[in-house]
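Structure first, then comments.
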Amino acid sequence: MTQFIVSILIISGIGAVLALLLEFADRFIADYGECQIMINREKELKVQGGSPLLFSLQDEGIFIPSACGGKGTCAYCKVKVLEGGGPVLPTETPYLSADEQEDNVRLSCQVKVRNDLAIEIPEDLFLIKEFKVRVERLEDLTPYIKGITLAIVEPEEGITFKPGQYIQLEIPKYKLSSAPEFRAFSMASFPEEHQKIELYVGLVEKGIVSTYIHNYLKKRDELVMRGPFGDFYYQESDRGILMIATGTGLAPIMSILRHMHREQIQQKITLFFGTRSEDDMYCVEELKSLEKELPRFTYVPTLSRVSDDSPWQGERGRVTDLIEEHIPEAADLDVYICGSPEMVDSCLEVLEKKGISEDNIYFDKFS
Ligand code: FES
């Protein structure tokens, strides 16, 4: 038995060393020369081979959505690779459905440019821009969430976005990273303000970008940002609206609410905002004043970890409990959900049971 285990360990070790050698050779020895990337059968790029497609396109000013900075964990960076991408990699398969694989969809952060490629991307990705921004405000909203305001330095016209969309923020290399890193953050500000944006950044354990923002970023620092991205945004309709958020998932919801307030949109809106404790609540004053100024808006905070002897007067439990309790069967609603993947999935399950049409449900999963 011991001999068997030792053999397995030796074989695994050899496999790992070989994989490392291949990666090393690919990165530092292989020379793929100049490669051509044909986009949508009309735009042709010449790039130096050897980099992931996501970054080769980024270097040419074409910004593909990404929330994980190219780590292969968010699945936002899907593009169609019609020719030259090689076989689908094991790192991609968990994120691609059978139909997507059939349709040549790939994760652009995992496909390396080693030869000429033909790809297809949505035309509106050509509209995404790169911005230089300056940190104007850094504020602790809760022990784990910072509110930051970024003023746009370049280009002068600022950013145009839809309420609910997100940007990618790039931080420079520092002691926890060997190269610049970027992550996605939803904008909390209203889109009528083009020169400044507000973000809520949660501190992620061992998170390179969130640690930098929480512990190293200073006022007046300049950063690079790209955007706007995403198809989670306010959809005009006459239906009532149910908004559900937890943690930093409140950011796109605030953008939508601020936009509706500014434009005096009079739909009936209910917001269920869940946190663990009262210390994790933020934007409370603004949400209460929005309740006064938007007469059809109701703000319902709920705490999931509150002791029985707490003076907390509001709801207790998870946001899913609120859906169960307060939302009627087959209600004709537009639903916007933002928070952790687990929370979003649980809400979708409850809404499905309630018979809420999935055509009117919009969600954004924050990893
Ligand atoms: S960029 Fe996140 S999976 Fe590719």
Side-chain angles (χ1 to χ4, degrees), residues 23 26-27 37 39 45 47 49-82 84-101 103-114 117 119-122 124-126 128-130 165-171 173 176-186 199 201-202 204-213 223-232 248-249 251-252 338-342 344-345 363-367:
E23 179 65 24
D26 198 40
R27 222 185 257 194
I37 305 176
I39 306 175
L45 300 178
V47 303
S51 295
L53 177 59
L54 175 78
F55 294 110
S56 297
L57 293 172
Q58 185 172 296
D59 290 344
E60 297 297 317
I62 296 171
F63 305 110
I64 305 295
S66 159
C68 69
K71 301 270 181 288
T73 55
C74 71
Y76 281 27
C77 63
K78 292 175 183 176
V79 302
K80 269 192 194 178
V81 179
L82 306 176
V88 173
L89 301 171
T91 48
E92 298 175 83
T93 44
Y95 303 101
L96 299 173
S97 66
D99 284 352
E100 284 177 324
Q101 292 189 38
D103 217 14
N104 300 313
V105 175
R106 304 286 302 272
L107 295 188
S108 62
C109 67
Q110 301 300 303
V111 175
K112 277 213 175 151
V113 182
R114 294 188 168 102
L117 297 175
I119 67 168
E120 209 173 276
I121 60 174
D124 56 6
L125 290 185
F126 293 119
I128 290 164
K129 290 187 196 157
E130 187 165 271
Q165 286 192 298
Y166 71 91
I167 51 90
Q168 292 171 352
L169 190 63
E170 183 175 298
I171 57 144
K173 91 177 197 192
L176 294 188
S177 58
S178 54
E181 295 263 352
F182 64 87
R183 296 288 182 277
F185 298 100
S186 287
L199 311 174
V201 180
V204 178
E205 205 185 332
K206 295 192 184 145
I208 291 173
V209 175
S210 72
T211 302
Y212 182 86
I213 291 173
L223 298 169
V224 171
M225 144 186 136
R226 301 175 195 102
F229 294 97
D231 47 17
F232 178 86
T248 51
C338 237
S340 68
E342 300 74 32
V344 173
D345 289 340
F363 58 85
D364 204 355
K365 295 181 179 179
F366 282 26
S367 308

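When a residue number appears, it is its place in the shown sequence, counting from 1. Both counts, for ligands and for their atoms, begin at 1 and track the order of listing.
In the displayed structure, D231 atom CG is contacted under 6.0 Å by at most 12 heavy atoms of other residues, nucleotides or ligands. Remark: F63 CZ is packed, more than 12 non-hydrogen atoms of other residues, nucleotides or ligands lying under 6.0 Å away. Enclosure of atom NZ in K71 by more than 12 non-hydrogen atoms of other residues, nucleotides or ligands within 6.0 angstrom is indicated.
The atoms of ligand 1 that sit less than 4.0 Å from any heavy atom of G70 are 1 (S). Annotation for ligand 1: atoms under 4.0 Å from non-hydrogen atoms of G72 are 3 (S).
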Is there a side chain to side chain contact (heavy atoms under 4.5 Å, CB included) between F126 and I121? Walk through the geometry before answering. CA-CA 9 Å; F126 293 119; I121 60 174; 4.0 Å; yes
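Ring pair F55/F182 is perpendicular by interplanar angle, where above 60° counts as perpendicular and below 30° as parallel.
Judged by distance alone, with hydrogens and angles left aside, the side-chain atoms of E130 form no donor-acceptor pair with the main-chain N or O of V224 at under 3.5 Å.
Taking 2.8 Å as the criterion, C77 does not count as a coordinating residue of atom 2 (Fe) of ligand 1, since none of its N, O or S atoms falls below it. Backbone or side-chain N, O or S atoms of C74 do not reach atom 4 (Fe) of ligand 1 at under 2.8 Å. Atom 2 (Fe) of ligand 1 has an N, O or S atom of C68 under 2.8 Å away, backbone or side chain.
The nearest non-hydrogen atom to atom 1 (S) of ligand 1, considering only S66, A75, P65, comes from S66.
Neither the backbone nor the side chain of S108 comes within 4.0 Å of ligand 1, counting heavy atoms alone.
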